[in-house]
Amino acid sequence: MSIGKSSIARAVNATANKKSTVTNDSITTKFSLDKIGLLSVAKVPDDIDSVKSSVSKRGVLCPVIVAATPKGEVWLVDGYRRYYAAKELSLSQISAVVINAQNKSEANRLYTELSKTKSVIKETIIKETVVKESVTTDIHEEKFRVLHVKDHDLPVHLL
């Protein structure tokens, strides 16, 4: 059984500012950094310097994702680098998309599923990049091998 929009709104209003935007399944609002709980399954990011630099120049451009429970608990599901960067820069609030969760264990499950999805996407991008680079390299190498082997009358600028 999922939580309705009014339940999420009550959970958000318990810990957030009054400025919030309700969409079909979520709410985007600002949260006090110290009101957001961190999940024990989440890994503390080790390199936040680039994110910290960006946040100091432009602020947090993409909201973090938090899970709100009916008890009013708020758990950080995605955006740990942005969260820690904001914390180190002494920001008091951060924009967040709020999704509903029954309890902390469901928030842990959401975090785990999101992490797996990110890993698959990252691996796919890396594989596609490696394949494109190897194909490009092979084409260039083949072209020069053929030109080198054949007796050619091509001008130097075409080589």
Side-chain angles (χ1 to χ4, degrees), residues 1-140:
M1 185 173 123
S2 66
I3 304 170
K5 288 180 191 172
S6 60
S7 299
I8 296 173
R10 281 194 302 277
V12 169
N13 288 333
T15 56
N17 239 354
K18 298 299 179 201
K19 296 178 182 177
S20 61
T21 307
V22 179
T23 61
N24 288 341
D25 297 323
S26 64
I27 295 173
T28 303
T29 191
K30 288 200 177 262
F31 278 90
S32 173
L33 286 172
D34 53 344
K35 299 290 183 185
I36 299 174
L38 305 177
L39 298 171
S40 56
V41 294
K43 296 176 185 167
V44 176
D46 44 349
D47 69 342
I48 63 166
D49 292 335
S50 62
V51 176
K52 191 174 162 183
S53 172
S54 174
V55 169
S56 68
K57 291 177 187 172
R58 299 174 199 79
V60 179
L61 299 176
C62 184
V64 298
I65 299 174
V66 297
T69 67
K71 294 179 182 178
E73 302 168 317
V74 179
W75 302 102
L76 185 60
V77 174
D78 185 52
Y80 277 81
R81 290 176 45 170
R82 287 168 277 162
Y83 173 85
Y84 280 106
K87 199 90 155 146
E88 282 191 21
L89 292 168
S90 302
L91 298 180
S92 59
Q93 293 185 332
I94 193 166
S95 293
V97 174
V98 182
I99 55 176
N100 55 356
Q102 291 297 319
N103 49 37
K104 185 178 179 182
S105 63
E106 188 176 352
N108 281 326
R109 183 185 58 77
L110 291 168
Y111 171 84
T112 304
E113 287 178 12
L114 189 60
S115 295
K116 287 179 185 175
T117 303
K118 283 181 177 179
S119 295
V120 169
I121 291 170
K122 190 181 287 185
E123 287 174 19
T124 304
I125 290 170
I126 290 170
K127 285 179 185 175
E128 287 178 2
T129 303
V130 168
V131 168
K132 285 178 183 174
E133 286 175 358
S134 66
V135 168
T136 304
T137 304
D138 292 342
I139 290 170
H140 292 296

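Everything numeric in this text was worked out from a predicted model, so none of it was measured. Any value given below was found using the heavy atoms of this structure, including those in side chains, with hydrogens, waters and symmetry copies removed.
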State the [atom1]-[atom2] distance between [X] and [Y], to the nearest 0.5 angstrom.
| X | Y | atom1 | atom2 | result |
| --- | --- | --- | --- | --- |
| Asp34 | Ser92 | CG | OG | 9.0 Å |
| Leu39 | Lys104 | CG | NZ | 6.5 Å |
| Glu73 | Asn103 | CD | CG | 8.0 Å |
| Glu113 | Ser115 | CD | OG | 10.0 Å |

Side chain to side chain, [X] and [Y], heavy atoms closer than 4.5 Å:
| X | Y | answer |
| --- | --- | --- |
| Pro63 | Val97 | yes |
| Leu38 | Tyr83 | yes |
| Asp47 | Arg81 | yes |
| Ile36 | Ile94 | yes |
| Tyr111 | Tyr80 | yes |

Taking all atoms of both residues into account, what is the closest heavy-atom pair of [X] and [Y], and its distance?
| X | Y | value |
| --- | --- | --- |
| Glu88 | Ile48 | OE2-CD1, 3.3 Å |
| Ala68 | Val98 | CB-CG1, 3.6 Å |
| Leu91 | Val55 | CD1-CG1, 3.8 Å |
| Val77 | Ala107 | CG2-O, 4.3 Å |
| Ser56 | Leu89 | N-CD1, 3.6 Å |
| Val60 | Cys62 | CG1-O, 3.3 Å |

Task: Arg109/Glu106 ion pair, N-O < 4.0 Å - done: yes
Task: Residues in ring pair (Phe, Tyr, Trp, His ring centres under 6.0 Å) contact with Tyr84, at least two apart in sequence or another chain - done: none
